[in-house]
Amino acid sequence: MTYLRKKDGFQGQRAIIIPPKILASLCMSHPVVKPLYVTDIGYYPNAQHHHRLRPGGSKGHILIYCVSGKGKARIEKQAYTISPGEFIILPAKTAHEYFADEKSPWTIYWVHFTGINSENFIN
C-alpha cells in the first residue's frame, strides 16, 4: 500500500500566510514586532495523510499543537509522538519531518514564527 502524503488541502482547513512584502517592510524592522512575530498560522482538522519533510529545516520555528488524533515528528534523528493536548516546537534550520497518524489523524493548530528573540522563546 502506498501512503498518500499531503502538505495541505484538508476540508475545513484555515491558513494565513503573511505576505513577504509585509514581513520585510514591517515585521523585520519595527522595534515592537521584530523581536518575535508570526509568519504563517493555521488549523488543519482531521488532517489525514498530512506529511512534511524538510531535510534543511524551515526558515522560522514551527509550533504544532494537537487537539485530537495523533501524529509523529522527527527532529534530526529524535522521534516524538504528539497526542491531544501536546505540542512540539521544531527549531528553525533543523532537519525535521512530521506526519499524521494513519488510523487516527491529528487535528492541529500550527504557527511559524521568527524574530530576533525567537531563539530565547523556544529555549
Side-chain angles (χ1 to χ4, degrees):
M1 179 168 101
T2 303
Y3 181 65
L4 178 65
R5 296 177 174 188
K6 294 173 62 173
K7 293 191 301 188
D8 57 21
F10 309 104
Q11 185 173 0
Q13 82 174 36
R14 299 285 185 255
I16 298 170
I17 312 304
I18 308 300
K21 189 174 184 177
I22 299 295
L23 293 173
S25 67
L26 176 63
C27 298
M28 294 175 185
S29 60
H30 194 282
V32 173
V33 179
K34 74 179 180 180
L36 185 66
Y37 58 91
V38 169
T39 61
D40 312 77
I41 190 167
Y43 168 73
Y44 288 173
N46 190 32
Q48 190 170 23
H49 307 300
H50 182 220
H51 177 263
R52 291 303 306 254
L53 172 64
R54 293 185 181 99
S58 59
K59 290 181 183 178
H61 308 289
I62 303 169
L63 183 146
I64 298 172
Y65 175 65
C66 179
V67 294
S68 67
K70 60 184 173 179
K72 296 201 183 280
R74 288 188 195 98
I75 301 173
E76 294 181 323
K77 295 183 181 183
Q78 183 69 42
Y80 303 90
T81 298
I82 302 102
S83 298
E86 297 179 337
F87 69 91
I88 190 163
I89 295 178
L90 307 163
K93 302 175 187 164
T94 303
H96 65 262
E97 177 179 26
Y98 53 87
F99 49 95
D101 184 80
E102 287 185 54
K103 293 179 182 168
S104 180
W106 59 15
T107 292
I108 57 171
Y109 289 94
W110 53 268
V111 61
H112 292 229
F113 62 94
T114 191
I116 58 175
N117 289 341
S118 62
E119 291 291 326
N120 294 330
F121 181 77
I122 69 165
N123 290 331

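In what follows, every heavy atom counts, from backbone to side chain, and hydrogens, waters and symmetry copies are set aside.
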Separation of [Y] [atom2] from [X] [atom1] (nearest 0.5 Å):
X: Leu36; Y: Ile122; atom1: CG; atom2: CD1; value: 10.5 Å
X: Lys59; Y: Lys93; atom1: NZ; atom2: NZ; value: 10.0 Å
X: Thr114; Y: Met28; atom1: OG1; atom2: CE; value: 7.5 Å
X: Gln48; Y: Lys103; atom1: CD; atom2: NZ; value: 13.0 Å
X: His112; Y: Ile16; atom1: NE2; atom2: CD1; value: 13.0 Å
X: Asn117; Y: Asn123; atom1: CG; atom2: CG; value: 11.5 Å

Practice problem: Any chance you could lay out the ring pair (Phe, Tyr, Trp, His ring centres under 6.0 Å) test for Tyr44 and His50, step after step, and finish with the verdict? | Solution: CA-CA 9 Å; Tyr44 288 173; His50 182 220; 5.2 Å; yes
Do you know which two heavy atoms are closest between [X] and [Y], and how far apart they sit?
X: Gly60; Y: Ser58; answer: O-OG, 2.6 Å
X: Ala100; Y: Ala47; answer: CB-O, 3.2 Å
X: Ala73; Y: Ile88; answer: CB-CD1, 3.8 Å
X: Val67; Y: Pro84; answer: O-CB, 3.7 Å
X: Asn46; Y: Pro105; answer: OD1-CG, 3.2 Å
X: Cys66; Y: Trp106; answer: SG-CB, 3.9 Å

Exercise. Please lay out, stage by stage, how Asp40 and Val111 fare under the test side chain to side chain contact (heavy atoms under 4.5 Å, CB included).
Key: CA-CA 6 Å; Asp40 312 77; Val111 61; over 6 Å; no
Quiz item: Heavy atoms, side chains only, cut-off 4.5 Å: are Glu97 and Lys72 in contact?
Solution: no
Quiz prompt | Arg52 side chain near Arg54 side chain, heavy-atom distance below 4.5 Å | solution =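 Side chain of Arg52 against side chain of Arg54, heavy atoms only: contact under 4.5 Å found.
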Quiz item: Would you find a donor on one side and an acceptor on the other, under 3.5 Å apart, between the side chain of His96 and the backbone of Thr94?
Solution: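 Side chain of His96 to backbone of Thr94: a pair is present.
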Quiz item: side chain to side chain contact (heavy atoms under 4.5 Å, CB included) between Trp110 and Leu63: does it pass, once the steps are laid out?
Solution: CA-CA 6 Å; Trp110 53 268; Leu63 183 146; over 6 Å; no
Self-check item: From CA spacing to verdict: ring pair (Phe, Tyr, Trp, His ring centres under 6.0 Å), Phe121, Phe113
Solution: CA-CA 10 Å; Phe121 181 77; Phe113 62 94; 5.4 Å; yes
Exercise. Verify the distance criterion only: is there a donor paired with an acceptor across the side chains of Arg14 and Tyr109 at less than 3.5 Å?
Key: no
Quiz item: When you check the side-chain N and O atoms of His61 and Ser118, is any donor under 3.5 Å from an acceptor?
Solution: yes
Self-check item: side chain to side chain contact (heavy atoms under 4.5 Å, CB included) partner of Tyr98, chosen from Leu53, Ile64, Ile75, Ile82
Solution: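 The side chain to side chain contact (heavy atoms under 4.5 Å, CB included) with Tyr98 is passed solely by Ile64 among Leu53, Ile64, Ile75, Ile82.
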Exercise. Establish whether Ile108 and Ile17 are linked, either directly or via other cluster members, by ILVMFWY side-chain heavy-atom contacts under 4.5 Å.
Key: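 The answer is yes; both residues are in one hydrophobic cluster.
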Quiz prompt | Within one Ile-Leu-Val-Met-Phe-Trp-Tyr cluster: Ile41 and Ile89, side-chain cutoff 4.5 Å | solution =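 Linked within one cluster.
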Practice problem: Dump the intermediate steps for side chain to side chain donor-acceptor pair (under 3.5 Å) on His49 and Glu102, then the final yes or no. | Solution: CA-CA 7 Å; His49 307 300; Glu102 287 185 54; over 6 Å; no
Quiz prompt | Other residues, nucleotides, ligands: >12 heavy atoms within 6.0 Å of Tyr80 OH | solution =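 Atom OH in Tyr80 is packed in, count exceeds 12.
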Quiz prompt | Candidate pair Lys70 and Ser83, rule side chain to side chain donor-acceptor pair (under 3.5 Å), full reasoning | solution = CA-CA 5 Å; Lys70 60 184 173 179; Ser83 298; over 6 Å; no
